[in-house]
Amino acid sequence: MEESNNYGHQHPLLLMLNQDQLIHNQSGVTDCSRCGEKVSAPCFCCAEHCGFYLHKVCAEAPLELNHPFHPHHPLLLMQNAPYSSRRYICNFCDKGGNEFVYHCSCHFDFHIKCALFTFNIAENNLKELEHVALQHPLISTENGHEELEDENGDEELEDVRECFGCWEPLAKYTHFSPACGFNLHEKCAKLPFKLNHVCHRKHPLALQFNSERLSCKICGETNRKAVGFVYGCSPCKLVVHIECASQSPLQVIKSTNHEHPFTLVFRQVPFTCDTEGNHVAHRCGTCNIIIHKNCISWPRIIKSKWHDHRLLHTYFHHIEDFGVLNCMICHDEVNTEYGSYYCSKCNAIFHVHCVTEDERSYSIVSPEDEDEMPYESSITVLESNDAGEATKIEHFLHIHNLMLSPVVGKNENGCDGCLLPISGPFYSCSFCDFFLHKACAELPKMKDVGHHLCQKPLALISDRVFRCRECLNVCNAFAYECCGCKAKKCLQCVLALTPGAQICLKHEHPLFYYRDYNGKCNACGYTTRAAFRCKVCNFVLHIGCFSLPITVLHK
């Protein structure tokens with residue numbers, strides 16, 4: 001036990017060199033007055049026993065630290081972060097704090113232990129790091145975290161799922177810092193400070209913190225926590241993830257949706273992919289396809305809420321297979337030389353980024369579930385003609401059988417399903433005045449609707465007075481009701497908002513629904529954020545006006 005300077009404390013401090021001395025002088029569990037964590041030897045304690053403790057490392061931390069991983073500005077040791085809340089998030093471990101902090105003027109903050117730990121790595125001072133073999137499985141704890149069980153059955157190392165350097169999963173062997181509680185891959189603890197890499201031949205890449213949250217030049221992704229180490233070139237403002245930097249220039253990636261593998265192309269080449277970006281490309285030498293790394297892993301089959309059938313991913317299309325090459329969602333042309341999703345049953349085609357923009361709007365179909373199971377039909381066919389067309393049906397929402405009308409053309413009656421005039425094939429009831437468009441009668445009992453963000457499907461209902469969630473009109477015709485939030489949508493809106501061309505009975509061209517359109521409605525004059533628009537003459541209707549009946553009775 002040695003007496004030392006007081007490090008700004010009002011009483012003299014005693015140096016505790018071992019845990020026995022500390023336990024003898026402690027009255028309970030105590031925390032370090034600088035880093036706020038449980039104190040352990042070696043440490044300083046107050047000679048007057050006022051409850052003041054300091055880790056030796058925290059006490060001897062320099063007031064100014066020139067960190068090799070952050071070479072542009074010094075890190076200043078401050079009692080509190082210079083923010084109104086006095087709290088900060090450490091840019092190394094991503095955990096919060098309100099104690100002493102190493103702060104940089106570019107809003108970079110570190111716990112004392114994080115700044116010193118990474119400084120030791122930069123200086124290749126690994127004496128404090130113990131080599132630990134992860135030979136035992138991770139066990140789950142009551143709070144949901146995962147811990148490593150040592151040979152004696154004790155739970156010692158917390159949160160060892162990821163390396164604190166590259167934030168990738170830990171392999172079998174790691175370095176562990178008992179003082180700081182950090183875990184590192186062995187390779188991350190011994191990373192070279194500078195690296196010459198083929199993806200950036202102009203300057204060497206230096207190991208550093210990603211202070212500007214730049215995306216990786218190779219994979220195009222930003223670390224989900226923006227913490228850990230990266231290799232970067234400060235003059236050129238680019239970074240490369242540690243894992244990406246270690247990849248072979250001849251790296252080969254197998255694709256889940258393409259028959260040939262892709263090879264990493266480090267040379268920055270101009271190319272167009274279905275998603276935006278200008279990162280390092282991956283190339284199929286057989287088909288001469290050049291795409292981003294992320295685009296290699298698009299699922300082969302998805303079930304989208306924007307379409308009734310499953311969609312297949314492909315990098316090639318035969319133009320003659322499609323009547324129209326416009327995306328069914330955004331209505332812009334799909335370049336068939338690049339990846340897209342398409343329906344093999346109805347020749348609908350979608351941009352990848354349109355159909356996968358919202359993770360809630362699609363699900364991945366696993367290989368064992370590739371056989372499509374459609375939703376149950378609303379009708380039971382009782383009689384058919386020679387062409388296989390149902391001429392007599394039973395509809396689950398009507399008590400009588402319905403007959404297919406031989407009349408094709410305008411009819412004075414309206415459809416009891418969507419309330420629109422009947423101008424095509426329809427079913428009618430011989431016992432009561434009940435009429436259904438053939439298309440309305442064949443709608444499924446359950447339906448996924450892309451513009452409805454609830455995860456649950458919608459069920460077909462009738463005989464209820466409701467207000468449509470989309471057009472806000474009140475009616476008692478057929479509707480689809482969400483099985484989750486119970487929101488109801490009239491058939492007009494469900495059919496109108498289904499991707500594809502929509503016909504307005506009083507306009508000569510098809511109208512397409514645009515989810516994001518800022519313009520004035522030609523019917524009411526109000527500005528709309530979503531609308532039906534004619535691509536030929538720019539005629540615009542918002543959904544409320546689009547859903548208005550063609551004729552009405554007025555007193």
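Each residue takes its place number in the sequence, starting with 1. All heavy atoms count here, side chains included; hydrogens, waters and symmetry mates do not.
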### Query
Quick check: does any side chain N or O of Glu394 sit under 3.5 Å from a backbone N or O of Thr380, one acting as donor and the other as acceptor?
no

### Task
Write down the atom of Phe478, the atom of Phe466, and the distance for their closest heavy-atom approach.
O-CZ, 4.0 Å

### Task
Could you give me the CA-CA distance, side-chain angles and deciding distance for Tyr427 and Ile393, then say whether side-chain contact (heavy atoms from CB on, under 4.5 Å) is met?
CA-CA 9 Å; Tyr427 288 100; Ile393 63 169; 3.9 Å; yes

### Query
Which atoms form the tightest heavy-atom contact between Ile379 and Ala441, and what is the distance?
CG2-O, 3.2 Å

### Task
Taking atom NE2 of His107 as the centre, report whether more than 12 heavy atoms of other residues, nucleotides or ligands fall under 6.0 Å from it.
no

#### Entry: Gap separating the SG atom of Cys432 from the CZ atom of Phe435, nearest 0.5 angstrom
9.0 Å

### Task
Taking the six-membered ring of Tyr362 (Phe, Tyr or Trp), confirm whether the NZ or CZ of Lys303 is under 6.0 Å from its centre and within 45° of its axis.
no

### Message
Testing the basics here: between Cys485 and Cys482, what is the closest heavy-atom pair and its distance to 0.1 Å?
### Response
N-SG, 3.4 Å

### Query
Are any of the side-chain heavy atoms of Phe539 and Arg533 separated by less than 4.5 Å?
no

### Task
Kindly indicate whether the side chain of Leu458, heavy atoms from C-beta on, has any atom under 4.5 Å from the side chain of Met446.
no

### His542 side chain vs Lys520 backbone, donor-acceptor pair below 3.5 Å
no

### Query
What are the two closest heavy atoms between Cys440 and Leu495, and how far apart are they?
SG-CD1, 4.2 Å

### Query
salt bridge (charged side-chain N to carboxylate O under 4.0 Å, His left out) between Glu481 and Arg464: does it pass, once the steps are laid out?
CA-CA 11 Å; Glu481 180 182 60; Arg464 301 183 195 176; 3.4 Å; yes

#### Entry: Rounded distance (nearest 0.5 Å) linking atom CD of Glu376 with atom CG of Leu460
11.5 Å

### Query
Do Asn473 and Arg467 have a side chain donor and acceptor closer than 3.5 Å?
no

### Message
As an exercise, state the distance from NZ of Lys535 to OH of Tyr514, rounded to the nearest 0.5 Å.
### Response
5.0 Å

### Message
Tell me whether Lys488 forms a cation-pi arrangement with Tyr480, defined as NZ or CZ under 6.0 Å from the six-membered ring centre and within 45 degrees of its axis.
### Response
no

### Message
I need the minimum non-hydrogen distance between Val355 and Ser304, along with the two atoms involved.
### Response
CG2-OG, 3.4 Å

### Query
Which heavy atom in Asn538 sits nearest to a heavy atom in Asn522, and how many Å separate them?
O-OD1, 4.1 Å

### Message
Less than 4.5 Å apart, side chain to side chain, heavy atoms only: is that true for Leu436 and Ile422?
### Response
no

### Query
Do Cys490 and Glu470 come within less than 4.5 Å of each other through their side chains, counting heavy atoms only?
no

### Task
Measure the NE2-OG1 distance between His313 and Thr356 for me, rounded to the nearest 0.5 Å.
9.0 Å

### Query
Is it true that a side-chain atom of Asp109 and a backbone atom of Ile89 form a donor plus acceptor pair closer than 3.5 Å?
no

### Query
CZ of Arg469: more than 12 outside heavy atoms within 6.0 angstrom?
no

### Query
Is Val494 close to Leu443 at the side-chain level, that is, under 4.5 Å between some pair of heavy atoms?
no

#### Entry: Ile349 CD1 to Ser340 OG distance, which is reported to the nearest 0.5 Å
4.0 Å

### Query
Hey, are the side chains of Lys392 and Leu402 touching, using non-hydrogen atoms and a 4.5 Å cut-off?
no

### Audit row: His307, Leu311, side-chain contact (heavy atoms from CB on, under 4.5 Å) steps and yes/no
CA-CA 8 Å; His307 196 64; Leu311 302 179; 3.8 Å; yes

### Task
Check whether any side-chain heavy atom of His400 lies under 4.5 Å from a side-chain heavy atom of His395, and answer yes or no.
no

### From CA spacing to verdict: side-chain contact (heavy atoms from CB on, under 4.5 Å), Lys445, Ser377
CA-CA 6 Å; Lys445 289 184 178 180; Ser377 174; over 6 Å; no

### Query
Looking at Phe532 versus Tyr513, is the centre-to-centre ring distance below 6.0 Å?
yes

### Query
Would Phe512 and His331 count as a close aromatic pair, with their ring centres under 6.0 Å?
yes

### Query
Taking the side chain as C-beta and beyond, is there a heavy-atom pair between Phe431 and Asn401 under 4.5 Å?
no

### Query
Going through the distances and angles, do Val240 and Val230 end up as a side-chain contact (heavy atoms from CB on, under 4.5 Å)?
CA-CA 6 Å; Val240 175; Val230 293; over 6 Å; no

### Summary
One should read off an interatomic distance between Leu404 CG and Ser428 OG, to the nearest 0.5 angstrom, of 8.5 Å

